[in-house]
Amino acid sequence: MTVRVRFAPSPTGYLHIGSARTALFNYLYARSVGGKFLLRIEDTDQKRSTDESLSSILDGLDWLGFAPDEEIVFQSKNIEIHRAAALRLLAEGKAYRDFTPKEEPGDQNVKQAIVDRARRQGGDKNLRDNPYRELSTEESDARAAAGEPFAIRLKVPENGQTIFEDAVYGHNERAYSETEDLVLLRSDGSPLYNLAVVCDDIEMGITDVIRGQDHINNTHKQILIYEALGEKVPNFAHLPLILAPGGKKLSKRLHGEIVSMTTYRDAGFLAAAFRNFLALLGWSPKSEQEIMTMDELVAAFSLDGIHRNPAIFNFDANNPKRWTDDKAIWMNAEYVRTMPLGELLPHVKTELKAAKLWRDEYEDEDREWYEKTVDLIRERFFTLRDFSSQGRAYFSEDYDFDPAAVNKNLKKFPDLEQWLPELADRLETLADFSEQPIHDLVAAMAEEKGTKLGVLMNGARTALTGVAVGPSMLAVFETVGRERSVMRLKSKVVWNL
RNA sequence: GGCGCAUUCGUCUAACGGUUAGGACGCAAGAUUCUCAAUCUUGUAACACGGGUUCGAUUCCCGUAUGCGCUACCA
């Protein structure tokens, strides 16, 4: 039987980093066993679901490159199927009508109220003590016919246990007595999550459910529904959670945009790099290779390489240099610097276009220069953003000067205000404007002025590129070109800042 | 409160009874005399604790501690 997995986000927020990893693992698993990767949008919570969130999630998945193999399923379209399933279980006596009036939510935080109630009840609560559980069919039908509102609950058997073998967490079993008679259908007739998931997974022919560890509890409930429905239970694999530094839960409220996938796209990350980073969070290929292409990830992927303990997504909100996980930043830099130039170019083009630095000549008569330049400057870059910020001076006359660089390389040597224009004059008449002759010329001038080569080189660096770091200055001169180099060395702008 | 899960360098992780406990990120030092957040080299740092089992435990068992998850007519 072909493996069919699904990623099932609910459109109530952006694509969370943990969800992205769940999608990745589902995708890798499907690819590694020749199965299908499907996408289902769990949009049954009409109050919280938004189109904005849906498109944000779709954008994120698209960016990461996880295209579903079949059409997207919207859970809200299957409500009639869910309802029919609940009614069928009711007719078969596997579920019952609960006429208990719906409890109105208090002003307290819902989550807190649930915990408090659970604490009060302790472990003594008998989950089968619902007065309507054993109501006769006649009376139940009569009250329903009279218009009395009711929810439909699953009639969980008194004795027995739900058992499943989790591909990650291993053997799992739970006595029925630990599971409540869960509500399948609300009193307004709408289905609840667990029912909807089971029905949809059956409908979609899902063979393997790979999802967050926070669903282990639901798995027991869902198995009960599968069994009541007389359907085959799929395989399960639960994934450890991704936590914030300090072991706390990673949340939007506490950690903001750092948990959103779009943040990384917008910060100039390469999807391939981020995917690679995500794959290593909670999973190990058991080899020492860390930089892996999608094909390599697929080839190495297996469910038993996944851990049971949560991974911490490390970052320091107070340190701009470490705004997100160090390793993610490093990995992105690694990709920017070492991936085949041909694969990087389209991304650089997008970046330059967004910064209004793109010129069509870069793909035409200036193509050679452009590719050489990108290849030269990417050596020290971390993200695609760097091409339009640190690398701006290569593509435009309108670039900024980093104050620290100006102080360190220019203001500290006031003589440079005269020397740099003089250097420009000499460069203007240099017969062969290439690395060796330029080096000889600058070295001779340094000697003549009684200064170090570095003073002239780094002064020129900041005048030409606005920053203090970059490739070898000889390469920079060549790349920026004689005309622009001369102009920038003569410019007084930087001295008047 | 109950049920469940986890615990190897600061972080991501390797190890499936016998290793100087390995790798990566970070950090530190040195090198590179035109810079550096690049590159190269070196270094730094971990088996939560207490009992067992065993000739021998990071590895198996039990307990403690800590952390996390779940606990809804949310998804």
Side-chain angles (χ1 to χ4, degrees), chain A residues 8-10 12 42-45 47-49 75 98 100 102-103 105 110-111 113-125 149-153 169-170 172 174-175 178-180 182-188 190 192-194 196-197 212-218 220 238 240-241 243 245-249 277 280-291 307-315 321-322 325-331 333 337 379-382 390 405 408-409 439 442-443 446 452-462 467-474 476:
Chain A
S10 63
T12 53
E42 311 218 312
D43 57 349
T44 46
D45 187 335
K47 285 187 284 291
R48 290 197 298 152
S49 297
Q75 189 159 68
D98 181 359
T100 310
K102 186 181 175 192
E103 216 175 296
V110 198
K111 197 88 188 171
I114 292 161
V115 174
D116 287 350
R117 193 205 303 165
R119 217 188 296 278
R120 251 181 283 119
Q121 289 168 176
D124 305 330
K125 168 118 165 116
F150 60 86
I152 294 181
R153 284 184 187 273
Y169 286 82
N172 245 283
R174 172 167 304 184
E178 299 286 342
T179 302
E180 62 177 336
L182 58 146
V183 174
L184 301 176
L185 224 53
R186 291 187 186 84
S187 43
D188 67 2
S190 62
L192 266 97
Y193 175 73
N194 283 306
V197 167
Q213 183 253 60
D214 48 335
H215 284 288
I216 284 188
N217 217 12
N218 284 327
H220 290 281
H238 289 90
L241 268 22
L243 269 25
K248 296 300 168 198
K249 190 170 180 173
F277 167 75
L280 263 20
L281 221 48
W283 171 75
S284 167
K286 308 215 164 162
S287 72
E288 301 210 324
Q289 186 184 357
E290 305 223 58
I291 301 289
H307 289 210
R308 295 184 188 185
N309 51 315
I312 292 175
F313 184 67
N314 206 12
F315 60 90
K321 213 177 123 187
R322 308 178 72 176
D325 199 292
D326 282 326
K327 198 154 183 172
I329 296 175
W330 165 78
M331 193 163 283
R337 292 170 195 143
E379 179 98 348
R380 275 150 241 257
F381 285 175
F382 286 76
Q390 281 190 66
K408 181 182 169 213
N409 293 335
H439 173 270
V442 180
K452 285 192 288 190
L453 178 67
V455 173
L456 283 179
M457 286 293 195
N458 290 317
R461 181 190 303 285
T462 299
V467 293
V469 303
S472 148
M473 264 318 283
L474 299 174
V476 173

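Letters A, B, ... mirror the listed sequences (proteins, then strands); counts begin at 1.
- Rounded to an integer number of Å, the gap from CZ of F381(A) to C1' of U39(B) is 16 Å.
- One C1' atom belongs to U39(B), the other to U32(B), and the distance between them is 8 Å to the nearest Å.
- For a distance-only test at 3.5 Å, the side chain of N194(A) fails to qualify as a donor-acceptor partner of the base of A75(B).
- Taking atom CD of E288(A) as the reference point, atom P of A21(B) lies 16 Å away to the nearest angstrom.
- Taking atom NE2 of H307(A) as the reference point, atom P of U8(B) lies 10 Å away to the nearest angstrom.
- Rounded to a whole Å, the NZ atom of K248(A) is 12 Å from the P atom of U66(B).
- With hydrogens and angles left out, the side chain of K286(A) and the base of A14(B) share no donor-acceptor pair within 3.5 Å.
- Rounded to whole Å, atom C1' of A72(B) lies 14 Å from atom NE2 of H215(A).
- A straight line from CZ of R380(A) to P of C36(B) spans 10 Å, rounded to a whole angstrom.
- Here T462(A) lies out of heavy-atom contact (under 4.0 Å) with every strand.
- Nearer to the 5' terminus of RNA chain B, by closest-nucleotide assignment, is the contact made by I312(A) (compared with the other of I312(A) and D98(A)).
- Distances shown here put every side-chain N or O of R461(A) at or beyond 4.0 Å from the OP1 or OP2 atom of U35(B).
- The phosphate of U33(B) has neither OP1 nor OP2 within less than 4.0 Å of any side-chain N or O from K452(A).
- Shown here, C34(B) forms no base pair; nothing in the strands shown gives a Watson-Crick or G-U wobble contact with both key distances under 3.5 Å.
- When the P atom is used for both U19(B) and U11(B), the distance is 25 Å, rounded to whole Å.
- C25(B) and G43(B): their P atoms are spaced 15 Å apart (whole Å).
- When the P atom is used for both U8(B) and G4(B), the distance is 22 Å, rounded to whole Å.
- Contact annotation: K111(A) reaches the phosphate of U71(B) (side-chain N/O to OP1 or OP2, under 4.0 Å).
- Nucleic acid contact class of E290(A) (heavy atoms, under 4.0 Å, all strands): base.
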